[in-house]
**Q** 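Just dropping this structure here.
Note that ligands are numbered from 1 as they come in the structure, with each ligand's atoms numbered from 1 the same way.
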Amino acid sequence: MPEADDLKTSAQYHPETPQKAEAFFLKGSESLDWGMKNRLARIFNPTSGRTVMLAIDHGYFQGPTSGLERVDLNILPLVPYADSLMLTRGILRTVVPPSAPKSIVLRVSGGTSILKELSNEGIAVDIEDSVRLNVSAMAVQVFVGGEHEKESILNMTRTVDAGVRCGIPTLAVTAVGKEMKRDARYFRLAVRICAELGAHIIKTYYVEDGFETVTASCPVPVVMAGGKKIPELEALAMAYRACREGAAGVDMGRNIFQSEHPIAMIQAVRAVVHRNETPDKAFALYQDLARQG
Ligand code: R5P
């Protein structure tokens, strides 16, 4: 009888205990819808508030980059150590097993190659395909100050609009032309423009001087791009400083997969990002793991 059941279970309603309203852990994301937050929580670790995103999307404009010639052989062994993979749909569908329990940040801008003007990109993936692939975010290159600045910014805003309709966040990548100065002033400008126009995560380069002003003036999480390969200790120190200066982790490619010991390197990066390990200790970990093979 329903009435009898009601009497027995009334104590389980706990009318004296208000339902908890848990604040979302990521900067600037509180007002997002559930699906957006859920996807962001697959990219960023809710405990540390940071991510180790492994960027392997380089082929979309430069072909088989050194270290990415065979993603199946060289990159899949790194996947268990990444929180998220940033890659193209071509590599995702052909090489990454759908059972790999990793969040996917899908490169959706493209249309140029290293042989031509790089800023001349368009949106290269339909939103429906991002939904079909169950991605956790879409990544778009933004060339502030570049020849095709306006088009690249509008690629981003269109991606944001399409993503908002489906609950998929957008990651804006601040791309810097060769002739441009990579300083805090430039990155404050580029990063802030992306955030103002709706990006949910921004990927940008580290600068020695004033990086904390870049992260502080950005209302959404900033992840540090790795850039060209540098010695492991220096890359770990850069990640360490970036996180201390406000980055919500890294989106690193070449400094991991071009390392002599990529599996050791990604674990050392994790130690820095998620456990605030100092560069020296993380480098010692790298050496130990490298020795163990
Ligand atoms: C380019 O600008 C792309 O986003 C790259 O393909 C990639 O994500 C860069 O990663 P990294 O500089 O760490 O190799």
**Q** Should the heavy atoms of other residues, nucleotides or ligands under 6.0 Å from CZ of Arg93 be counted, would the total exceed 12?
**A**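 Yes, CZ of Arg93 has more than 12 neighbouring heavy atoms, counting only those of other groups under 6.0 Å.
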**Q** Among protein heavy atoms, which sits nearest to atom 13 (O) of ligand 1, and what does the distance come to when rounded to 0.1 Å?
**A**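 Result for atom 13 (O) of ligand 1: Gly253 N, 2.7 Å.
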**Q** Could you tell me, atom by atom, which parts of ligand 1 come under 4.0 Å of a heavy atom of Arg107?
**A**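 Those qualifying, in numeric order: 3 (C), 4 (O).
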**Q** Taking only heavy atoms of Met252, which atoms of ligand 1 are found under 4.0 Å from at least one of them?
**A**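 Here the atoms of ligand 1 in question are 13 (O).
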**Q** Between Arg192 and Glu196, is there a salt bridge with N-O shorter than 4.0 Å?
**A** yes
**Q** Out of all atoms in ligand 1, which are within 4.0 Å of some heavy atom of Arg254? Include the element for each.
**A**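 Near Arg254, the atoms of ligand 1 are 11 (P), 12 (O), 13 (O), 14 (O).
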**Q** Does an N or O from Gly226, backbone or side chain, lie closer than 3.5 Å to an N or O of ligand 1?
**A** yes
**Q** When the side chains of residues 131-146 are checked against the rest of the protein, which donor-acceptor pairs come out under 3.5 Å, sequence neighbours left out?
**A**
{"residue": "Arg132", "atom": "NH1", "partner": "Asp129", "partner atom": "OD1", "Å": "2.7"}
{"residue": "Gln141", "atom": "OE1", "partner": "Arg107", "partner atom": "NH1", "Å": "2.8"}
{"residue": "Gln141", "atom": "OE1", "partner": "Arg107", "partner atom": "NH2", "Å": "2.7"}

**Q** Counting heavy atoms only, which of Gln62, His58, Gln258 is nearest atom 14 (O) of ligand 1?
**A** His58
**Q** Does the pair Glu232 and Lys229 meet the rule for a salt bridge (Lys or Arg N to Asp or Glu O under 4.0 Å), with working shown?
**A** CA-CA 8 Å; Glu232 279 76 5; Lys229 172 79 176 73; 3.4 Å; yes
**Q** Only one of Val96, Val105, Leu106 clears side-chain contact (heavy atoms from CB on, under 4.5 Å) with Leu85; which?
**A** Val96
**Q** Counting heavy atoms not belonging to Arg244, are there more than 12 under 6.0 Å from its CZ?
**A**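 Check fails, neighbour count at 12 or below.
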**Q** Starting from atom 1 (C) of ligand 1, which protein heavy atom do you reach first, and at what distance in Å?
**A**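 Checking every protein heavy atom, the shortest distance to atom 1 (C) of ligand 1 gives Gln141 NE2, 3.3 Å.
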**Q** Please could you name the atoms of ligand 1 that Gly227 approaches to less than 4.0 Å, counting only its heavy atoms?
**A**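 Here the atoms of ligand 1 in question are 11 (P), 12 (O), 13 (O), 14 (O).
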**Q** Checking a contact table here: which protein heavy atom is nearest atom 7 (C) of ligand 1, and how many Å away?
**A**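 Protein heavy atom with the smallest distance to atom 7 (C) of ligand 1: Asp57 OD1, 3.2 Å.
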**Q** Near Lys203, which atoms of ligand 1 are under 4.0 Å from a heavy atom of that residue?
**A**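 Counting atoms of ligand 1 from 1, those under 4.0 Å from Lys203 are 4 (O), 7 (C), 8 (O), 9 (C), 10 (O).
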**Q** Using salt bridge (Lys or Arg N to Asp or Glu O under 4.0 Å) as the criterion, point out the one residue from Arg50, Arg270, Lys102 that pairs with Asp83.
**A** Arg270
